[in-house]
Amino acid sequence: MPLSRQHFPSNFLWGTATASFQIEGAAHEDGRLPSIWDTFCAEPGRISDGSNGDVACDHYHRWEQDLDLIQSLGLSAYRFSIAWPRIIPTGTGAINEAGLDFYDRLVDGLIARGIQPHVTLYHWDLPQTLQDRGGWENRDTAYAFADYAAVVAARLGDRVKSYATFNEPWCVSILSNEIGHHAPGKQDRKAALAVAHHLHLAHGLALSRLRALNLTSQLGIVLNLTPAYPATDNEADRTAATLADGKGNRWFLDPILKGQYPHDIWEHYGAEVLPNVLPGDLELASQPIDFLGVNYYSRAFVSAGGKTLPEGTEYTDMGWEVYPEGLRDLLVRLHRDYQLPDLYITENGAAYPDVVSEDGQVHDGERTQYLQRHFQSALDAVQAGVPLKGYFVWSLLDNFEWAFGYSKRFGIVHVDYATQKRTVKDSALWLRDFLRVPTPA
Ligand SMILES: CO[C@H](O)c1c[n+]2c([nH]1)[C@H](O)[C@@H](O)[C@H](O)[C@H]2CO
């Protein structure tokens with residue numbers, strides 16, 4: 001019998017995901033002020049196609065049509081992020097009721113369609129005014145985040161099934177402040193590690209504020225995790241893989257789930273760049289969470305000697321290896337090494353150079369294959385005893401792919417940015433059929 005949702009637990013949650021800056025547009029509407037990504041897009045050379053989020057998928061005006069699309073596919077959950085620059089536009093202080101009203105309507109619209117709202121409180125669009133005061137390098141921003149989180153949760157309440165504090169602290173800290181490919185585009189390891197620590201602190205501060213609201217919503221965080229595989233069994237490759245795993249995964253998993261930074265990586269970094277950890281910070285950061293979101297896309301193939309993957313390896317349009325087995329391996333490892341809450345795959349998906357064919361359809365067979373193989377890997381993990389409770393496809397719509405602008409398409413629904421026409425891709429039609437439970441004869 002081909003893989004079907006019936007192979008999964010009957011209460012396994014199937015959803016799709018987006019993020020505010022990537023789809024909303026309306027960048028200057030209803031009180032929203034600039035985020036660091038508006039600033040970053042305006043810096044020449046930062047975005048490969050020179051684009052920005054001013055219009056994006058115009059979801060701010062087309063949200064009802066987009067929720068109808070989710071419903072038409074039979075998905076029962078939708079993960080989306082709240083734009084801090086709409087809620088408290090200057091980062092601290094005055095609340096913008098029009099911003100809250102937008103998400104209030106969105107949440108009610110989802111519930112009216114039988115779709116569970118799952119909120120990410122921060123998916124990278126920091127108010128620029130806070131960046132002007134040091135951004136996440138400034139410990140005060142952690143406290144501003146907790147205030148913002150409390151404002152959102154007080155308004156949306158437990159209509160929202162889960163609140164994730166952050167999407168991918170590794171991207172917010174390392175990718176954005178050490179590597180420099182994302183906003184604010186710094187290349188400073190000491191700054192990046194200070195950012196990471198303040199995100200861990202902010203997560204803990206926000207958790208405390210949300211717990212105090214006594215919501216029934218699940219509270220957690222979303223981490224991008226990339227399992228590292230040594231290219232060979234030699235000592236140099238195994239050491240390099242352990243380092244990659246430590247810097248990319250354990251530096252974020254351990255503070256949240258163990259209340260400590262991994263010792264080997266702490267020593268590797270050295271005193272010059274280590275963050276200033278104050279008493280109580282890690283106790284706050286490691287408060288119990290109800291769920292951990294895992295964003296998985298591919299593995300890291302680690303070679304100290306520059307060995308590359310073999311001929312015939314499959315890649316997506318991002319140049320990421322298609323490696324579904326890595327999802328199962330990652331989840332089984334998490335289950336082995338950590339005391340886990342409920343797990344959700346909060347992002348998994350692929351970019352391919354999709355086009356609308358003459359028949360008006362988008363025949364994205366590679367994406368369907370990608371999803372099928374990763375669903376199977378997720379099922380393998382469930383059958384291995386991993387507490388995996390759901391899976392969100394990245395992404396509902398083609399959208400603004402950060403430094404790649406609109407040149408990479410991750411959606412299961414195609415967007416023609418010139419007309420804003422949505423076209424359901426073959427992969428979405430496959431997903432709809434996968435989700436259909438045959439009615440008993
Ligand atoms: C290594 O991939 C990361 O885990 C990752 C991939 N992705 C992400 N994180 C972000 O959460 C999304 O906003 C991106 O659109 C999406 C696709 O690039």
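Counting convention: from 1, in listed order, for ligands and their atoms alike. Since we're looking at a predicted model, the values are computed, not measured.
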Qualifying residue, where the test is side-chain contact (heavy atoms from CB on, under 4.5 Å) with P169 and the options are V195, V222, I174, L223: L223

Which residues pass the side chain to side chain donor-acceptor pair (under 3.5 Å) test with T232, not counting sequence neighbours? N234, D237

Considering residues at least two apart in sequence or located in another chain, which fulfil the ring pair (Phe, Tyr, Trp, His ring centres under 6.0 Å) criterion with W14? F8, F12, F375, Y391, F434

Under the ring pair (Phe, Tyr, Trp, His ring centres under 6.0 Å) criterion, do Y78 and F392 qualify, and how do the steps go? CA-CA 8 Å; Y78 175 50; F392 292 79; 8.8 Å; no

Partner residues of Q187 under the side chain to side chain donor-acceptor pair (under 3.5 Å) criterion, sequence neighbours left out: none

Decide, yes or no, whether a salt bridge links R367 with D426 under the criterion of side-chain N to carboxylate O below 4.0 Å. no

As a test of reading the model: which N/O atoms of the protein lie under 3.5 Å from N/O atoms of ligand 1, and at what distance?
residue  : atom   : partner : partner atom : Å
ligand 1 : 4 (O)  : E168    : OE2          : 3.0
ligand 1 : 7 (N)  : E347    : OE1          : 3.4
ligand 1 : 9 (N)  : E168    : OE1          : 2.7
ligand 1 : 9 (N)  : E168    : OE2          : 2.8
ligand 1 : 11 (O) : H123    : NE2          : 3.3
ligand 1 : 11 (O) : N167    : ND2          : 3.0
ligand 1 : 11 (O) : E347    : OE1          : 3.0
ligand 1 : 11 (O) : E347    : OE2          : 2.7
ligand 1 : 13 (O) : Q22     : OE1          : 2.7
ligand 1 : 13 (O) : H123    : NE2          : 2.9
ligand 1 : 13 (O) : W402    : NE1          : 2.8
ligand 1 : 15 (O) : Q22     : NE2          : 3.0
ligand 1 : 15 (O) : W394    : NE1          : 3.2
ligand 1 : 15 (O) : E401    : OE1          : 2.7
ligand 1 : 18 (O) : E401    : OE2          : 2.7

